[in-house]
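We name chains A, B, ... by the order of the sequence lines, and we start the count at 1 in each one. In this text the structure is predicted, and so the values were computed from the model without any measurement.
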Protein chains: 2
Amino acid sequence: MSVPAIGYGVPVARWEPGARERLSAAALELVDEQGFDDTTTAQVAARAGLSERTFFRHFADKREALFAGGDRFEAAYVDAVVGAPQGASPWAVLVAALEGGATFFPDERREHSRRRDRVISSHPALRERELLKLAGLARSVAAAMRERGVDEPTATLAGESCVTVFRVAFERWLRPDETRGLAALQSEALDHLTGLAPQAPGSSSTSRQECSGS
Amino acid sequence: MSVPAIGYGVPVARWEPGARERLSAAALELVDEQGFDDTTTAQVAARAGLSERTFFRHFADKREALFAGGDRFEAAYVDAVVGAPQGASPWAVLVAALEGGATFFPDERREHSRRRDRVISSHPALRERELLKLAGLARSVAAAMRERGVDEPTATLAGESCVTVFRVAFERWLRPDETRGLAALQSEALDHLTGLAPQAPGSSSTSRQECSGS
DNA sequence: AGCGTCATGACAGTTCATGACATCACTGCT
DNA sequence: AGCAGTGATGTCATGAACTGTCATGACGCT
């Protein structure tokens with residue numbers, strides 16, 4: 001699929017390589033320029049020098065072209081869960097997952113992420129798809145947790161919380177004036193999340209005021 | 001089809017009333033029977049005794065018909081946030097939101113919810129849309145929190161956690177052998193969520209500050 | 001009676017998405 | 001060398017999802 005295994009003086013392939021990459025790049029450009037609705041799959045294919053039919057061989061639908069590479073993003077988080085030290089508590093694994101995932105977003109990627117975020121945020125259909133991707137991440141993290149022996153309600157809640165923290169931190173990471181790294185922002189968000197619950201291990205169901213905002 | 005019908009002394013509408021309800025009911029039936037892909041908007045409209053064009057006047061797209069009434073569901077949670085006692089901590093408000101939301105799902109609704117869940121779960125396009133709805137709920141809860149004066153990272157995290165807890169509890173509520181009410185399951189899930197974080201300050205990796213602000 | 005509104009029907013047009021089949025370079029086997 | 005297989009692509013055709021536009025007929029208001 002990807003690189004045709006390059007030999008030495010290998011004759012140029014019948015087709016330009018990297019069709020998938022060209023398609024997703026073209027899609028991002030065009031949607032950024034014209035908006036999602038006004039960009040047709042035919043235009044995207046044309047800019048990539050391919051036919052519309054080929055577009056749909058690489059991507060299940062028009063939106064999917066904007067989400068290429070999401071698997072590596074997910075892997076960054078999941079691998080960190082898998083690679084966490086033996087015997088680590090679910091909490092420690094969650095922290096490790098966030099740290100591992102943050103490596104996927106070095107500062108160099110911030111500008112590109114801003115652009116992509118602008119595009120995704122511009123249309124509900126794209127936000128919708130992004131939510132599906134993030135839900136997949138939560139599921140994968142939870143599954144990896146379970147694989148480590150974490151019990152059930154806990155694994156799912158950890159996966160969901162992982163995504164919650166990522167999302168909040170990521171949104172902040174993209175802010176124009178923000179300079180801190182994603183890892184630090186995730187750490188901060190996680191602290192705020194734990195700060196939500198009352199400190200004492202008492203029952204949760206009754207109101208218990210500690211520190212309120214006002 | 002559009003029998004003007006029934007008119008006693010009452011002013012009767014030109015068309016059968018409840019077009020929207022008939023459409024969403026027809027959609028749920030047909031998708032349950034045939035699957036989402038094999039159900040056309042024309043079929044749905046026909047079963048409701050309406051034209052396809054009218055379907056799109058009531059719903060923005062094919063999926064939306066399966067999500068009618070979601071606004072009242074959201075309102076159940078948001079109203080509880082708004083109506084929570086003055087001065088309650090963010091945590092207490094979150095608990096109140098969950099309790100208020102649970103009233104929207106009495107046991108009588110469980111069977112219907114199971115059917116609907118089966119339908120939604122059967123196709124990624126529908127799960128996608130559900131995620132968008134739940135993201136909207138999280139945003140609304142967060143906004144209502146902010147309205148109460150809750151500070152920013154906290155409000156968003158509370159909204160997201162509200163949805164996380166709901167989702168985990170709801171999934172369990174629908175299980176065939178489950179008999180407990182949604183409120184109890186949410187309470188349980190919330191306990192598990194708080195149990196995730198280490199109890200003692202500063203036990204794991206990240207620095208942990210108790211009460212910020214004030 | 002006249003008039004505007006509003007939910008609907010009817011019909012045509014565009015875009016998305018997929019299935020069936022052909023093409024062409026490269027690969028590997030004989 | 002020759003030839004069948006493979007894989008990414010193109011072409012054509014079709015159906016289904018939406019959208020724009022105009023027409024209709026009952027309703028309420030004056």
Exercise. Would one find a side-chain N or O of A:His58 under 4.0 angstrom from OP1 or OP2 of D:dT9?
Worked result: yes
Exercise. According to a strict under-4.0 Å criterion, is B:Thr54 in side-chain N/O contact with OP1 or OP2 of C:dG9?
Worked result: yes
Using atom types as modelled, flag every donor-acceptor pair under 3.5 Å from a side chain in residues 123-132 of chain A to any protein atom, sequence neighbours excluded.
| residue | atom | partner | partner atom | Å |
| --- | --- | --- | --- | --- |
| A:His123 | ND1 | A:Ala125 | N | 3.0 |
| A:His123 | NE2 | A:Asp37 | OD1 | 3.1 |
| A:His123 | NE2 | A:Asp37 | OD2 | 3.3 |
| A:Glu128 | OE1 | B:Arg63 | NH1 | 3.2 |
| A:Glu128 | OE2 | B:Arg63 | NH1 | 3.2 |
| A:Glu128 | OE2 | B:Arg129 | NE | 2.4 |
| A:Glu128 | OE2 | B:Arg129 | NH2 | 3.2 |
| A:Arg129 | NE | B:Glu128 | OE2 | 2.4 |
| A:Arg129 | NH1 | A:Asp61 | OD1 | 3.4 |
| A:Arg129 | NH1 | A:Asp61 | OD2 | 3.3 |
| A:Arg129 | NH1 | A:Glu64 | OE1 | 2.4 |
| A:Arg129 | NH2 | A:Asp61 | OD2 | 3.0 |
| A:Arg129 | NH2 | B:Glu128 | OE2 | 3.2 |

Exercise. Does B:Arg53 make a side-chain donor-acceptor contact with the base of D:dG20, cut-off 3.5 Å?
Worked result: yes
Problem set entry | Partners passing salt bridge (Lys or Arg N to Asp or Glu O under 4.0 Å) against B:Arg53 (at least two apart in sequence or in another chain) | none
Problem set entry | Nucleotide D:dG15, atom C1' - distance to CG of B:Asp38 in whole Å | 13 Å
Seminar exercise, completed: To the nearest angstrom, the CZ-P distance between B:Arg57 and C:dC11 comes to 14 Å
For this session: Using atom types as modelled and distance alone, determine if a side-chain donor or acceptor of A:Thr103 lies under 3.5 Å from a backbone N or O of A:Gly100.
Result: yes
Seminar exercise, completed: A:Leu23 atom CG is separated from D:dG10 atom C1', nearest whole Å, by 14 Å
Check: protein-nucleotides 13-16 of chain C nitrogen or oxygen pairs below 3.5 Å:
| residue | atom | partner | partner atom | Å |
| --- | --- | --- | --- | --- |
| C:dC16 | OP1 | A:Lys62 | NZ | 3.0 |
| C:dC16 | OP2 | A:Thr41 | N | 3.3 |
| C:dC16 | OP2 | A:Thr41 | OG1 | 3.3 |

Problem set entry | All pairs passing ring-ring contact (aromatic ring centres under 6.0 Å, His included) where residues 137-159 of chain B contributes a residue, at least two apart | none
Problem set entry | Whole angstrom value for the distance that separates P of D:dA8 from CD of A:Glu21 | 13 Å
Seminar exercise, completed: Contacts satisfying side chain to side chain donor-acceptor pair (under 3.5 Å) that involve residues 162-172 of chain A (not counting sequence neighbours) are A:Glu171-A:Arg175
Indicate every side-chain donor-acceptor pair of residues 71-83 of chain A with a distance under 3.5 Å to a residue at least two apart or in another chain.
| residue | atom | partner | partner atom | Å |
| --- | --- | --- | --- | --- |
| A:Glu74 | OE2 | A:Ser140 | OG | 2.5 |
| A:Tyr77 | OH | A:Gln186 | OE1 | 2.8 |

